[in-house]
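Protein chains get the first letters and strands the later ones, always in sequence-line order, with residue 1 at the start of each.
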Protein chains: 2
Amino acid sequence: MLTISRLAAHAGVTVRAVRHYHQIGLLPEPERGPSGYRIYDAAAVVRLIRIRTLADAGVPLARVQELLDAGPDEFARGVEEVDRHLRAEIRRLQENRRRIAGLAAGEHLALPQSVVGYLERVRALGVDERYVELERDTWIVLAAQWPQQIDEVIAHKHSELDDPDMVRLYRLLGQALDWDVDDPRVVEIADIMERQMRRALEAGEVDADDGLDDPFVDLLDEAAAEAAPMAERLREILQERGWKGWTRIERVAEP
Amino acid sequence: MLTISRLAAHAGVTVRAVRHYHQIGLLPEPERGPSGYRIYDAAAVVRLIRIRTLADAGVPLARVQELLDAGPDEFARGVEEVDRHLRAEIRRLQENRRRIAGLAAGEHLALPQSVVGYLERVRALGVDERYVELERDTWIVLAAQWPQQIDEVIAHKHSELDDPDMVRLYRLLGQALDWDVDDPRVVEIADIMERQMRRALEAGEVDADDGLDDPFVDLLDEAAAEAAPMAERLREILQERGWKGWTRIERVAEP
DNA sequence: CTTGACCTTGACGCAGCGTCAACCCCGACA
DNA sequence: TGTCGGGGTTGACGCTGCGTCAAGGTCAAG
(Lines give C-alpha, C1' and ligand atoms only; values in the text may rest on other atoms or scores of the structure.)
Protein backbone atom coordinates (compact mmCIF):
# COMPACT_ATOMS: atom_id res chain seq x y z
CA MET A 1 0.00 0.00 0.00
CA LEU A 2 1.21 3.43 -0.94
CA THR A 3 0.32 6.82 0.42
CA ILE A 4 0.02 9.68 -2.00
CA SER A 5 3.47 11.06 -1.29
CA ARG A 6 5.15 7.71 -1.81
CA LEU A 7 3.22 7.18 -5.01
CA ALA A 8 4.31 10.60 -6.23
CA ALA A 9 7.91 9.92 -5.30
CA HIS A 10 7.99 6.61 -7.16
CA ALA A 11 6.70 8.26 -10.31
CA GLY A 12 8.77 11.42 -9.92
CA VAL A 13 5.92 13.90 -9.65
CA THR A 14 4.56 16.17 -6.95
CA VAL A 15 1.68 15.31 -4.63
CA ARG A 16 -0.21 18.28 -5.96
CA ALA A 17 0.08 16.97 -9.50
CA VAL A 18 -1.37 13.62 -8.46
CA ARG A 19 -4.36 15.28 -6.84
CA HIS A 20 -4.78 17.39 -9.95
CA TYR A 21 -4.89 14.26 -12.09
CA HIS A 22 -7.59 12.90 -9.80
CA GLN A 23 -9.59 16.09 -10.18
CA ILE A 24 -9.59 15.96 -13.94
CA GLY A 25 -10.23 12.23 -13.96
CA LEU A 26 -6.92 11.33 -15.52
CA LEU A 27 -5.93 9.05 -12.65
CA PRO A 28 -8.81 7.21 -10.95
CA GLU A 29 -9.41 7.93 -7.30
CA PRO A 30 -8.20 4.93 -5.29
CA GLU A 31 -9.73 3.31 -2.24
CA ARG A 32 -9.49 5.18 1.05
CA GLY A 33 -8.17 3.84 4.31
CA PRO A 34 -10.19 4.24 7.56
CA SER A 35 -8.50 7.60 8.11
CA GLY A 36 -9.56 8.91 4.73
CA TYR A 37 -6.05 8.57 3.31
CA ARG A 38 -5.82 7.49 -0.33
CA ILE A 39 -4.31 4.05 -0.73
CA TYR A 40 -2.59 3.21 -4.01
CA ASP A 41 -1.40 0.02 -5.62
CA ALA A 42 1.30 -0.69 -8.16
CA ALA A 43 -1.05 -0.18 -11.08
CA ALA A 44 -1.41 3.46 -10.10
CA VAL A 45 2.36 3.87 -10.29
CA VAL A 46 2.34 2.45 -13.79
CA ARG A 47 -0.46 4.69 -14.95
CA LEU A 48 1.17 7.72 -13.36
CA ILE A 49 4.49 7.04 -15.05
CA ARG A 50 2.73 6.74 -18.38
CA ILE A 51 0.96 10.01 -17.80
CA ARG A 52 4.23 11.78 -17.03
CA THR A 53 5.97 10.31 -20.04
CA LEU A 54 3.39 11.79 -22.36
CA ALA A 55 2.99 15.02 -20.42
CA ASP A 56 6.75 15.61 -20.40
CA ALA A 57 6.66 15.32 -24.15
CA GLY A 58 4.32 18.28 -24.18
CA VAL A 59 1.07 16.40 -24.72
CA PRO A 60 -1.85 18.27 -23.12
CA LEU A 61 -3.40 16.30 -20.27
CA ALA A 62 -6.73 16.02 -22.07
CA ARG A 63 -4.97 14.35 -24.98
CA VAL A 64 -3.05 12.11 -22.57
CA GLN A 65 -6.40 10.92 -21.32
CA GLU A 66 -7.58 10.07 -24.81
CA LEU A 67 -4.37 8.28 -25.72
CA LEU A 68 -4.11 6.15 -22.61
CA ASP A 69 -7.72 5.05 -22.91
CA ALA A 70 -7.48 4.33 -26.64
CA GLY A 71 -6.72 1.19 -28.56
CA PRO A 72 -3.22 0.43 -29.82
CA ASP A 73 -3.76 1.78 -33.35
CA GLU A 74 -5.20 5.09 -32.22
CA PHE A 75 -2.40 5.18 -29.68
CA ALA A 76 0.25 4.62 -32.34
CA ARG A 77 -1.17 7.39 -34.48
CA GLY A 78 -1.25 9.70 -31.48
CA VAL A 79 2.35 8.96 -30.62
CA GLU A 80 3.41 9.70 -34.16
CA GLU A 81 1.63 13.02 -33.95
CA VAL A 82 3.38 13.75 -30.67
CA ASP A 83 6.70 13.08 -32.34
CA ARG A 84 5.86 15.43 -35.19
CA HIS A 85 4.97 18.06 -32.65
CA LEU A 86 8.25 17.55 -30.83
CA ARG A 87 10.24 17.88 -34.04
CA ALA A 88 8.42 21.06 -34.97
CA GLU A 89 9.03 22.49 -31.52
CA ILE A 90 12.72 21.67 -31.70
CA ARG A 91 12.98 23.36 -35.07
CA ARG A 92 11.21 26.42 -33.71
CA LEU A 93 13.60 26.67 -30.78
CA GLN A 94 16.63 26.24 -33.03
CA GLU A 95 15.33 28.98 -35.29
CA ASN A 96 14.93 31.23 -32.27
CA ARG A 97 18.42 30.41 -31.19
CA ARG A 98 19.75 31.51 -34.54
CA ARG A 99 17.83 34.75 -34.30
CA ILE A 100 19.06 35.38 -30.80
CA ALA A 101 22.64 34.67 -31.81
CA GLY A 102 22.94 37.94 -33.70
CA LEU A 103 22.12 40.17 -30.77
CA ALA A 104 24.59 38.64 -28.42
CA ALA A 105 27.11 40.40 -30.65
CA GLY A 106 25.79 43.69 -29.28
CA GLU A 107 23.15 44.90 -31.67
CA HIS A 108 19.94 45.55 -29.91
CA LEU A 109 17.56 42.75 -30.83
CA ALA A 110 15.30 41.51 -33.54
CA LEU A 111 17.63 41.79 -36.51
CA PRO A 112 18.99 39.14 -38.83
CA GLN A 113 22.75 38.76 -39.12
CA SER A 114 22.91 40.44 -42.51
CA VAL A 115 21.42 43.67 -41.16
CA VAL A 116 23.69 43.63 -38.13
CA GLY A 117 26.67 43.38 -40.48
CA TYR A 118 25.42 46.25 -42.56
CA LEU A 119 24.90 48.49 -39.56
CA GLU A 120 28.38 47.71 -38.35
CA ARG A 121 29.80 48.79 -41.67
CA VAL A 122 27.87 52.04 -41.49
CA ARG A 123 29.10 52.62 -37.97
CA ALA A 124 32.65 51.93 -39.05
CA LEU A 125 32.35 54.75 -41.61
CA GLY A 126 32.23 57.14 -38.71
CA VAL A 127 28.51 57.86 -39.00
CA ASP A 128 26.97 59.28 -35.85
CA GLU A 129 25.75 56.55 -33.49
CA ARG A 130 22.36 58.20 -33.13
CA TYR A 131 21.83 57.99 -36.85
CA VAL A 132 22.84 54.34 -36.85
CA GLU A 133 20.21 53.71 -34.23
CA LEU A 134 17.59 55.41 -36.36
CA GLU A 135 18.49 53.22 -39.29
CA ARG A 136 18.51 50.19 -37.05
CA ASP A 137 14.96 50.79 -35.87
CA THR A 138 13.75 51.16 -39.43
CA TRP A 139 15.45 47.92 -40.36
CA ILE A 140 13.83 46.13 -37.45
CA VAL A 141 10.47 47.01 -38.86
CA LEU A 142 11.42 46.23 -42.44
CA ALA A 143 12.96 42.91 -41.47
CA ALA A 144 9.71 41.95 -39.76
CA GLN A 145 7.85 42.93 -42.90
CA TRP A 146 9.94 40.98 -45.41
CA PRO A 147 11.61 38.16 -43.55
CA GLN A 148 12.48 36.47 -46.87
CA GLN A 149 13.78 39.31 -48.97
CA ILE A 150 15.67 41.19 -46.30
CA ASP A 151 19.04 39.58 -47.03
CA GLU A 152 18.77 40.51 -50.68
CA VAL A 153 17.81 44.06 -49.87
CA ILE A 154 20.74 44.39 -47.51
CA ALA A 155 23.12 42.98 -50.09
CA HIS A 156 22.02 45.79 -52.37
CA LYS A 157 22.53 48.40 -49.66
CA HIS A 158 26.02 47.03 -49.18
CA SER A 159 26.80 47.58 -52.85
CA GLU A 160 25.49 51.14 -52.58
CA LEU A 161 28.07 51.81 -49.89
CA ASP A 162 30.81 51.14 -52.41
CA ASP A 163 29.94 54.53 -53.90
CA PRO A 164 31.85 57.31 -52.04
CA ASP A 165 28.98 59.66 -52.80
CA MET A 166 26.74 57.49 -50.67
CA VAL A 167 29.28 57.31 -47.89
CA ARG A 168 29.43 61.09 -47.84
CA LEU A 169 25.65 61.19 -47.66
CA TYR A 170 25.60 58.97 -44.59
CA ARG A 171 28.22 61.03 -42.83
CA LEU A 172 26.36 64.23 -43.56
CA LEU A 173 23.12 62.78 -42.31
CA GLY A 174 24.82 61.81 -39.10
CA GLN A 175 26.09 65.33 -38.58
CA ALA A 176 22.81 66.88 -39.66
CA LEU A 177 21.10 65.66 -36.52
CA ASP A 178 22.60 68.64 -34.75
CA TRP A 179 22.11 71.21 -37.47
CA ASP A 180 19.82 74.16 -37.15
CA VAL A 181 16.53 74.18 -39.04
CA ASP A 182 17.89 76.51 -41.67
CA ASP A 183 21.44 75.25 -41.97
CA PRO A 184 22.55 75.86 -45.54
CA ARG A 185 24.44 72.58 -45.74
CA VAL A 186 21.12 70.83 -46.16
CA VAL A 187 21.42 71.65 -49.84
CA GLU A 188 24.41 69.37 -50.20
CA ILE A 189 22.39 66.51 -48.72
CA ALA A 190 19.59 67.25 -51.14
CA ASP A 191 22.04 67.25 -54.06
CA ILE A 192 23.47 63.86 -53.18
CA MET A 193 20.06 62.41 -52.54
CA GLU A 194 18.78 63.62 -55.85
CA ARG A 195 21.75 62.07 -57.65
CA GLN A 196 21.23 58.79 -55.91
CA MET A 197 17.50 58.73 -56.39
CA ARG A 198 17.86 59.48 -60.07
CA ARG A 199 20.44 56.72 -60.40
CA ALA A 200 18.22 54.25 -58.57
CA LEU A 201 15.26 55.15 -60.71
CA GLU A 202 17.22 54.73 -63.93
CA ALA A 203 18.65 51.43 -62.76
CA GLY A 204 15.11 50.25 -62.17
CA GLU A 205 15.79 49.66 -58.51
CA VAL A 206 12.65 51.37 -57.32
CA ASP A 207 9.87 48.96 -56.62
CA ALA A 208 6.51 50.49 -55.85
CA ASP A 209 5.00 47.08 -55.14
CA ASP A 210 7.19 46.28 -52.18
CA GLY A 211 4.51 44.93 -49.89
CA LEU A 212 4.39 48.01 -47.71
CA ASP A 213 1.18 49.98 -47.57
CA ASP A 214 1.40 53.70 -48.14
CA PRO A 215 0.34 54.93 -44.72
CA PHE A 216 2.97 52.72 -43.18
CA VAL A 217 5.69 54.12 -45.41
CA ASP A 218 4.55 57.62 -44.47
CA LEU A 219 4.77 56.64 -40.83
CA LEU A 220 8.34 55.47 -41.17
CA ASP A 221 9.27 58.65 -43.02
CA GLU A 222 7.63 60.70 -40.35
CA ALA A 223 9.47 58.88 -37.58
CA ALA A 224 12.78 59.45 -39.34
CA ALA A 225 11.94 63.12 -39.84
CA GLU A 226 11.16 63.69 -36.18
CA ALA A 227 14.72 62.98 -35.24
CA ALA A 228 16.28 66.02 -36.93
CA PRO A 229 15.08 69.62 -37.14
CA MET A 230 16.40 70.05 -40.70
CA ALA A 231 14.37 67.14 -42.03
CA GLU A 232 11.35 69.23 -42.86
CA ARG A 233 13.45 71.69 -44.87
CA LEU A 234 15.10 68.78 -46.73
CA ARG A 235 11.72 67.37 -47.61
CA GLU A 236 10.62 70.72 -49.02
CA ILE A 237 13.71 71.07 -51.17
CA LEU A 238 13.33 67.61 -52.60
CA GLN A 239 9.65 68.17 -53.21
CA GLU A 240 10.42 71.34 -55.17
CA ARG A 241 12.70 69.29 -57.34
CA GLY A 242 9.98 66.71 -57.93
CA TRP A 243 10.88 64.00 -55.41
CA LYS A 244 9.02 62.44 -52.56
CA GLY A 245 9.75 59.77 -50.04
CA TRP A 246 12.57 58.55 -47.93
CA THR A 247 11.91 55.02 -46.98
CA ARG A 248 10.60 54.55 -50.51
CA ILE A 249 11.64 56.78 -53.39
CA GLU A 250 8.89 58.23 -55.49
CA ARG A 251 9.08 60.46 -58.50
CA VAL A 252 6.11 62.78 -58.28
CA ALA A 253 6.84 65.39 -60.93
CA GLU A 254 9.29 66.15 -63.68
CA PRO A 255 11.38 69.22 -62.94
CA MET B 1 -0.79 57.04 -37.25
CA LEU B 2 -1.62 53.46 -36.52
CA THR B 3 -4.67 51.94 -34.91
CA ILE B 4 -4.18 49.02 -32.59
CA SER B 5 -5.07 46.41 -35.16
CA ARG B 6 -2.66 47.80 -37.73
CA LEU B 7 0.07 47.99 -35.13
CA ALA B 8 -0.59 44.40 -34.18
CA ALA B 9 -0.56 43.30 -37.81
CA HIS B 10 2.76 45.00 -38.52
CA ALA B 11 4.36 43.25 -35.59
CA GLY B 12 2.65 39.94 -36.17
CA VAL B 13 0.75 39.72 -32.89
CA THR B 14 -2.91 39.84 -31.87
CA VAL B 15 -4.74 42.92 -30.70
CA ARG B 16 -5.43 41.20 -27.42
CA ALA B 17 -1.73 40.66 -26.88
CA VAL B 18 -1.01 44.35 -27.41
CA ARG B 19 -3.62 45.32 -24.85
CA HIS B 20 -2.17 42.78 -22.49
CA TYR B 21 1.27 44.34 -22.86
CA HIS B 22 -0.27 47.71 -22.01
CA GLN B 23 -1.89 46.26 -18.91
CA ILE B 24 1.35 44.89 -17.55
CA GLY B 25 3.25 48.01 -18.53
CA LEU B 26 5.45 46.29 -21.06
CA LEU B 27 4.37 48.56 -23.88
CA PRO B 28 3.58 52.16 -22.86
CA GLU B 29 0.04 53.39 -23.44
CA PRO B 30 0.10 55.76 -26.43
CA GLU B 31 -1.80 58.98 -26.97
CA ARG B 32 -5.51 58.73 -27.62
CA GLY B 33 -7.44 60.29 -30.48
CA PRO B 34 -10.61 62.33 -29.86
CA SER B 35 -12.64 59.13 -30.06
CA GLY B 36 -10.58 57.45 -27.40
CA TYR B 37 -8.79 55.22 -29.91
CA ARG B 38 -5.15 54.51 -29.21
CA ILE B 39 -2.80 56.06 -31.74
CA TYR B 40 0.58 54.49 -32.28
CA ASP B 41 3.77 55.58 -33.98
CA ALA B 42 6.60 53.65 -35.57
CA ALA B 43 8.51 53.42 -32.29
CA ALA B 44 5.72 51.28 -30.88
CA VAL B 45 6.13 48.87 -33.78
CA VAL B 46 9.82 48.57 -33.02
CA ARG B 47 9.27 47.97 -29.35
CA LEU B 48 6.54 45.46 -30.06
CA ILE B 49 8.73 43.49 -32.46
CA ARG B 50 11.47 43.38 -29.85
CA ILE B 51 9.02 42.12 -27.27
CA ARG B 52 7.86 39.35 -29.57
CA THR B 53 11.39 38.34 -30.47
CA LEU B 54 12.24 37.71 -26.85
CA ALA B 55 8.85 36.27 -25.94
CA ASP B 56 8.99 33.80 -28.84
CA ALA B 57 12.30 32.62 -27.47
CA GLY B 58 10.46 31.65 -24.31
CA VAL B 59 11.47 34.59 -22.15
CA PRO B 60 8.77 35.39 -19.57
CA LEU B 61 7.23 38.81 -20.15
CA ALA B 62 8.45 40.12 -16.81
CA ARG B 63 11.99 39.28 -17.84
CA VAL B 64 11.42 40.85 -21.26
CA GLN B 65 10.55 44.04 -19.44
CA GLU B 66 13.78 43.95 -17.45
CA LEU B 67 15.90 43.20 -20.49
CA LEU B 68 14.46 45.87 -22.76
CA ASP B 69 14.82 48.50 -20.08
CA ALA B 70 18.35 47.46 -19.12
CA GLY B 71 21.74 48.65 -20.26
CA PRO B 72 23.65 46.84 -22.99
CA ASP B 73 25.82 44.76 -20.64
CA GLU B 74 22.91 43.50 -18.56
CA PHE B 75 21.11 42.92 -21.83
CA ALA B 76 23.99 40.88 -23.24
CA ARG B 77 24.11 38.74 -20.11
CA GLY B 78 20.38 38.22 -20.29
CA VAL B 79 20.54 37.16 -23.91
CA GLU B 80 23.25 34.68 -23.13
CA GLU B 81 21.08 33.23 -20.40
CA VAL B 82 18.17 33.00 -22.81
CA ASP B 83 20.39 31.07 -25.20
CA ARG B 84 21.42 28.67 -22.47
CA HIS B 85 17.78 28.13 -21.67
CA LEU B 86 16.97 27.47 -25.30
CA ARG B 87 19.75 24.93 -25.59
CA ALA B 88 18.60 23.14 -22.47
CA GLU B 89 15.04 23.07 -23.74
CA ILE B 90 16.12 21.65 -27.08
CA ARG B 91 18.08 18.93 -25.34
CA ARG B 92 15.08 18.10 -23.19
CA LEU B 93 12.82 17.76 -26.20
CA GLN B 94 15.33 15.62 -28.05
CA GLU B 95 15.58 13.35 -25.04
CA ASN B 96 11.80 13.06 -25.00
CA ARG B 97 11.81 12.25 -28.67
CA ARG B 98 14.20 9.39 -28.06
CA ARG B 99 11.97 8.07 -25.32
CA ILE B 100 8.90 8.36 -27.48
CA ALA B 101 10.64 6.62 -30.37
CA GLY B 102 10.51 3.27 -28.58
CA LEU B 103 6.76 3.20 -28.20
CA ALA B 104 6.01 4.03 -31.76
CA ALA B 105 7.25 0.48 -32.33
CA GLY B 106 4.11 -0.70 -30.56
CA GLU B 107 4.98 -1.24 -26.93
CA HIS B 108 2.70 0.64 -24.66
CA LEU B 109 4.63 3.61 -23.39
CA ALA B 110 7.26 4.64 -20.91
CA LEU B 111 9.86 2.00 -21.64
CA PRO B 112 13.42 2.32 -22.91
CA GLN B 113 14.34 0.53 -26.12
CA SER B 114 16.25 -2.19 -24.32
CA VAL B 115 13.20 -3.28 -22.35
CA VAL B 116 10.99 -3.21 -25.43
CA GLY B 117 13.44 -5.55 -27.14
CA TYR B 118 13.47 -7.88 -24.19
CA LEU B 119 9.70 -8.05 -24.04
CA GLU B 120 9.56 -8.80 -27.73
CA ARG B 121 11.89 -11.70 -27.25
CA VAL B 122 9.74 -13.05 -24.45
CA ARG B 123 6.65 -12.67 -26.59
CA ALA B 124 8.38 -14.47 -29.45
CA LEU B 125 8.93 -17.46 -27.16
CA GLY B 126 5.22 -17.98 -27.22
CA VAL B 127 4.60 -16.73 -23.72
CA ASP B 128 1.01 -15.69 -23.08
CA GLU B 129 0.38 -12.04 -23.98
CA ARG B 130 -1.25 -11.35 -20.62
CA TYR B 131 1.88 -12.44 -18.85
CA VAL B 132 4.01 -10.25 -21.09
CA GLU B 133 1.83 -7.31 -20.11
CA LEU B 134 2.33 -8.09 -16.46
CA GLU B 135 6.08 -8.10 -16.93
CA ARG B 136 5.87 -4.94 -18.96
CA ASP B 137 4.12 -3.05 -16.18
CA THR B 138 6.73 -4.15 -13.68
CA TRP B 139 9.48 -3.00 -16.00
CA ILE B 140 7.83 0.38 -16.42
CA VAL B 141 8.09 0.89 -12.71
CA LEU B 142 11.62 -0.49 -12.47
CA ALA B 143 12.81 1.60 -15.41
CA ALA B 144 11.50 4.72 -13.69
CA GLN B 145 13.33 3.69 -10.55
CA TRP B 146 16.73 3.01 -12.11
CA PRO B 147 16.95 5.01 -15.31
CA GLN B 148 20.71 4.46 -15.44
CA GLN B 149 21.08 0.78 -14.64
CA ILE B 150 18.09 -0.52 -16.52
CA ASP B 151 20.00 -1.39 -19.70
CA GLU B 152 22.49 -3.43 -17.72
CA VAL B 153 19.76 -5.25 -15.86
CA ILE B 154 17.99 -6.07 -19.10
CA ALA B 155 21.21 -7.33 -20.66
CA HIS B 156 21.42 -9.77 -17.80
CA LYS B 157 17.82 -10.88 -18.26
CA HIS B 158 18.61 -11.51 -21.90
CA SER B 159 21.45 -13.83 -20.95
CA GLU B 160 19.12 -15.67 -18.59
CA LEU B 161 16.85 -16.43 -21.52
CA ASP B 162 19.66 -18.41 -23.13
CA ASP B 163 18.94 -21.07 -20.54
CA PRO B 164 16.14 -23.39 -21.79
CA ASP B 165 15.13 -23.96 -18.21
CA MET B 166 14.25 -20.28 -17.95
CA VAL B 167 12.36 -20.35 -21.20
CA ARG B 168 10.30 -23.22 -19.90
CA LEU B 169 9.60 -21.24 -16.74
CA TYR B 170 8.25 -18.30 -18.73
CA ARG B 171 6.00 -20.49 -20.82
CA LEU B 172 4.63 -22.22 -17.74
CA LEU B 173 3.98 -18.92 -16.03
CA GLY B 174 2.04 -17.78 -19.06
CA GLN B 175 -0.12 -20.87 -18.98
CA ALA B 176 -0.46 -20.74 -15.21
CA LEU B 177 -2.63 -17.64 -15.42
CA ASP B 178 -5.53 -19.94 -16.22
CA TRP B 179 -4.73 -22.71 -13.79
CA ASP B 180 -6.89 -23.57 -10.87
CA VAL B 181 -5.74 -22.64 -7.39
CA ASP B 182 -4.64 -26.18 -6.62
CA ASP B 183 -3.28 -27.21 -9.97
CA PRO B 184 -0.50 -29.71 -9.32
CA ARG B 185 1.67 -28.32 -12.11
CA VAL B 186 2.56 -25.44 -9.83
CA VAL B 187 5.21 -27.73 -8.36
CA GLU B 188 7.11 -27.73 -11.62
CA ILE B 189 7.18 -23.96 -11.58
CA ALA B 190 8.43 -24.01 -8.02
CA ASP B 191 11.16 -26.48 -8.97
CA ILE B 192 12.44 -24.35 -11.80
CA MET B 193 12.28 -21.21 -9.74
CA GLU B 194 14.20 -22.80 -6.94
CA ARG B 195 16.93 -23.96 -9.32
CA GLN B 196 17.20 -20.51 -10.83
CA MET B 197 17.16 -18.73 -7.50
CA ARG B 198 19.85 -20.95 -6.15
CA ARG B 199 21.95 -20.39 -9.25
CA ALA B 200 21.51 -16.61 -9.04
CA LEU B 201 22.40 -16.63 -5.38
CA GLU B 202 25.55 -18.64 -5.95
CA ALA B 203 26.56 -16.45 -8.88
CA GLY B 204 26.26 -13.47 -6.56
CA GLU B 205 23.60 -11.90 -8.72
CA VAL B 206 21.30 -11.05 -5.87
CA ASP B 207 21.68 -7.50 -4.71
CA ALA B 208 19.78 -6.57 -1.61
CA ASP B 209 20.86 -2.94 -1.88
CA ASP B 210 19.13 -2.26 -5.17
CA GLY B 211 17.62 1.10 -4.31
CA LEU B 212 14.12 -0.26 -3.85
CA ASP B 213 12.54 0.00 -0.45
CA ASP B 214 11.03 -3.13 1.01
CA PRO B 215 7.38 -2.08 1.09
CA PHE B 216 7.63 -1.18 -2.55
CA VAL B 217 9.06 -4.57 -3.47
CA ASP B 218 6.23 -6.20 -1.53
CA LEU B 219 3.78 -4.08 -3.46
CA LEU B 220 5.15 -5.22 -6.80
CA ASP B 221 5.06 -8.85 -5.66
CA GLU B 222 1.51 -8.43 -4.49
CA ALA B 223 0.44 -6.91 -7.79
CA ALA B 224 2.01 -9.78 -9.71
CA ALA B 225 0.33 -12.30 -7.40
CA GLU B 226 -3.11 -10.81 -7.89
CA ALA B 227 -3.07 -11.77 -11.55
CA ALA B 228 -3.10 -15.52 -11.06
CA PRO B 229 -5.03 -17.70 -8.60
CA MET B 230 -2.15 -20.15 -8.19
CA ALA B 231 0.27 -17.46 -7.11
CA GLU B 232 -0.53 -17.79 -3.44
CA ARG B 233 0.06 -21.55 -3.52
CA LEU B 234 3.36 -20.99 -5.31
CA ARG B 235 4.42 -18.53 -2.68
CA GLU B 236 3.66 -21.02 0.06
CA ILE B 237 5.64 -23.78 -1.58
CA LEU B 238 8.66 -21.59 -2.04
CA GLN B 239 8.39 -20.33 1.50
CA GLU B 240 8.37 -23.88 2.83
CA ARG B 241 11.58 -24.44 0.94
CA GLY B 242 13.12 -21.34 2.47
CA TRP B 243 12.63 -18.73 -0.27
CA LYS B 244 10.88 -15.45 -0.38
CA GLY B 245 10.33 -12.81 -2.98
CA TRP B 246 9.58 -12.52 -6.64
CA THR B 247 10.65 -9.12 -7.80
CA ARG B 248 13.66 -9.55 -5.55
CA ILE B 249 14.96 -12.93 -4.47
CA GLU B 250 15.57 -13.44 -0.79
CA ARG B 251 16.88 -16.41 1.05
CA VAL B 252 15.07 -16.52 4.35
CA ALA B 253 15.98 -19.95 5.73
CA GLU B 254 18.18 -22.88 5.01
CA PRO B 255 16.20 -25.95 4.12
C1' DC C 1 -29.18 56.51 -42.39
C1' DT C 2 -27.70 52.11 -42.26
C1' DT C 3 -24.10 48.74 -42.48
C1' DG C 4 -20.13 46.43 -41.15
C1' DA C 5 -15.71 46.80 -39.60
C1' DC C 6 -13.28 48.78 -36.19
C1' DC C 7 -12.47 50.66 -31.35
C1' DT C 8 -13.33 50.83 -26.05
C1' DT C 9 -13.46 48.70 -21.06
C1' DG C 10 -14.54 44.82 -18.18
C1' DA C 11 -14.90 40.35 -17.09
C1' DC C 12 -14.38 35.32 -17.05
C1' DG C 13 -11.86 31.14 -18.78
C1' DC C 14 -7.90 28.03 -19.80
C1' DA C 15 -3.76 24.66 -18.38
C1' DG C 16 -1.08 22.80 -14.94
C1' DC C 17 -0.19 23.02 -11.24
C1' DG C 18 2.17 26.07 -6.59
C1' DT C 19 0.95 27.65 -2.41
C1' DC C 20 -1.46 28.94 1.54
C1' DA C 21 -5.07 27.74 5.23
C1' DA C 22 -7.26 25.05 8.59
C1' DC C 23 -7.83 20.81 10.10
C1' DC C 24 -7.10 15.58 11.08
C1' DC C 25 -4.02 11.30 11.68
C1' DC C 26 -0.07 8.27 12.67
C1' DG C 27 4.02 6.60 14.81
C1' DA C 28 7.72 7.46 17.92
C1' DC C 29 9.64 9.13 22.08
C1' DA C 30 9.53 10.91 27.01
C1' DT D 1 -0.21 9.08 28.25
C1' DG D 2 0.82 13.40 26.23
C1' DT D 3 3.00 15.48 22.65
C1' DC D 4 5.47 16.36 18.67
C1' DG D 5 6.84 16.22 13.88
C1' DG D 6 5.70 14.77 9.65
C1' DG D 7 2.26 12.79 7.17
C1' DG D 8 -2.69 13.24 5.22
C1' DT D 9 -7.47 15.86 3.90
C1' DT D 10 -10.44 19.53 1.35
C1' DG D 11 -10.94 24.21 -0.33
C1' DA D 12 -9.56 28.20 -2.30
C1' DC D 13 -6.77 31.69 -4.56
C1' DG D 14 -2.59 32.77 -7.58
C1' DC D 15 0.27 32.51 -11.63
C1' DT D 16 1.24 33.26 -17.18
C1' DG D 17 -0.24 34.82 -21.50
C1' DC D 18 -3.35 35.61 -23.50
C1' DG D 19 -8.61 33.89 -26.01
C1' DT D 20 -13.12 35.01 -25.90
C1' DC D 21 -17.48 36.91 -24.95
C1' DA D 22 -20.35 41.14 -23.68
C1' DA D 23 -22.04 45.60 -24.23
C1' DG D 24 -21.34 49.35 -26.05
C1' DG D 25 -19.13 53.81 -29.03
C1' DT D 26 -16.88 55.16 -33.88
C1' DC D 27 -15.58 55.39 -38.61
C1' DA D 28 -15.97 55.16 -43.63
C1' DA D 29 -18.68 53.67 -47.41
C1' DG D 30 -22.86 53.20 -49.90
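- Ring geometry, B:Tyr118 versus B:Trp139: the interplanar angle exceeds 60°, so the pair is classed perpendicular (tilted spans 30 to 60°).
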Practice task
Between protein and nucleotides 22-30 of chain D, map the contacts as a letter string: B base, S sugar-phosphate only, - none, heavy atoms under 4.0 Å, written 5' to 3'.
Solution key: ---BBS---

Could you tabulate the donor-acceptor pairs under 3.5 Å formed by side-chain atoms of residues 28-35 of chain A, not counting sequence neighbours?
unit_1, atom_1, unit_2, atom_2, d
A:Glu29, OE1, A:Arg32, NH2, 3.3
A:Glu29, OE1, A:Arg38, NE, 2.9
A:Glu29, OE2, A:Arg38, NH2, 3.4
A:Arg32, NH1, A:Gly36, O, 2.9
A:Ser35, OG, A:Tyr37, N, 3.4

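- A donor-acceptor contact shorter than 3.5 Å is absent between the side chain of A:Asp151 and the backbone of A:Ile154.
- Between A:Tyr40 and A:His22, the ring planes lie parallel to each other; the angle is under 30°, not in the 30° to 60° tilted range.
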Handout entry: Criterion side-chain contact (heavy atoms from CB on, under 4.5 Å) on A:Leu220 and A:Leu142, from CA distance to verdict
Key = CA-CA 10 Å; A:Leu220 290 176; A:Leu142 294 181; 4.1 Å; yes

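- For residues 228-249 of chain A, there are no ring-ring contact (aromatic ring centres under 6.0 Å, His included) pairs, not counting sequence neighbours.
- Atom CD of B:Glu152 sits in a sparse spot, with 12 or fewer heavy atoms from other residues, nucleotides or ligands closer than 6.0 Å.
- At a threshold of 4.0 angstrom between heavy atoms, the contacts of A:Arg32 are confined to the sugar-phosphate backbone, with no base atom among them.
- Atom CG of B:Leu61 is separated from atom C1' of D:dC18 by 9 Å (rounded to the nearest Å).
- Remark: A:Arg38 is in phosphate contact with D:dT9, judged by side-chain N or O atoms under 4.0 Å from OP1 or OP2.
- Residues in residues 44-64 of chain B take part in no ring-ring contact (aromatic ring centres under 6.0 Å, His included) pair, two or more places apart or across chains.
- A 4.0 Å heavy-atom criterion places the boundary nucleotides of DNA chain C facing chain A at C:dG16 to C:dC26, written 5' to 3'.
- To the nearest angstrom, C1' of D:dG17 lies 14 Å from CG of B:Leu48.
- The nearest pair of heavy atoms linking A:Leu2 to A:His10 is CD2-CD2, 3.9 Å.
- The stretch residues 10-31 of chain A touches DNA chain D through A:Arg16, A:Arg19, each having a heavy atom within less than 4.0 Å of the strand.
- A heavy-atom distance below 4.5 Å is found between the side chains of A:Leu54 and A:Leu68.
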Practice task
Begin from the C-alpha positions of A:His20 and A:Leu61 and carry the test side-chain contact (heavy atoms from CB on, under 4.5 Å) through to its verdict.
Solution key: CA-CA 10 Å; A:His20 183 61; A:Leu61 295 187; 4.0 Å; yes

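- Between A:Arg6 and B:Val59, the residue anchored closer to the 5' end of DNA chain D is A:Arg6, taking for each the nucleotide with the nearest heavy atom.
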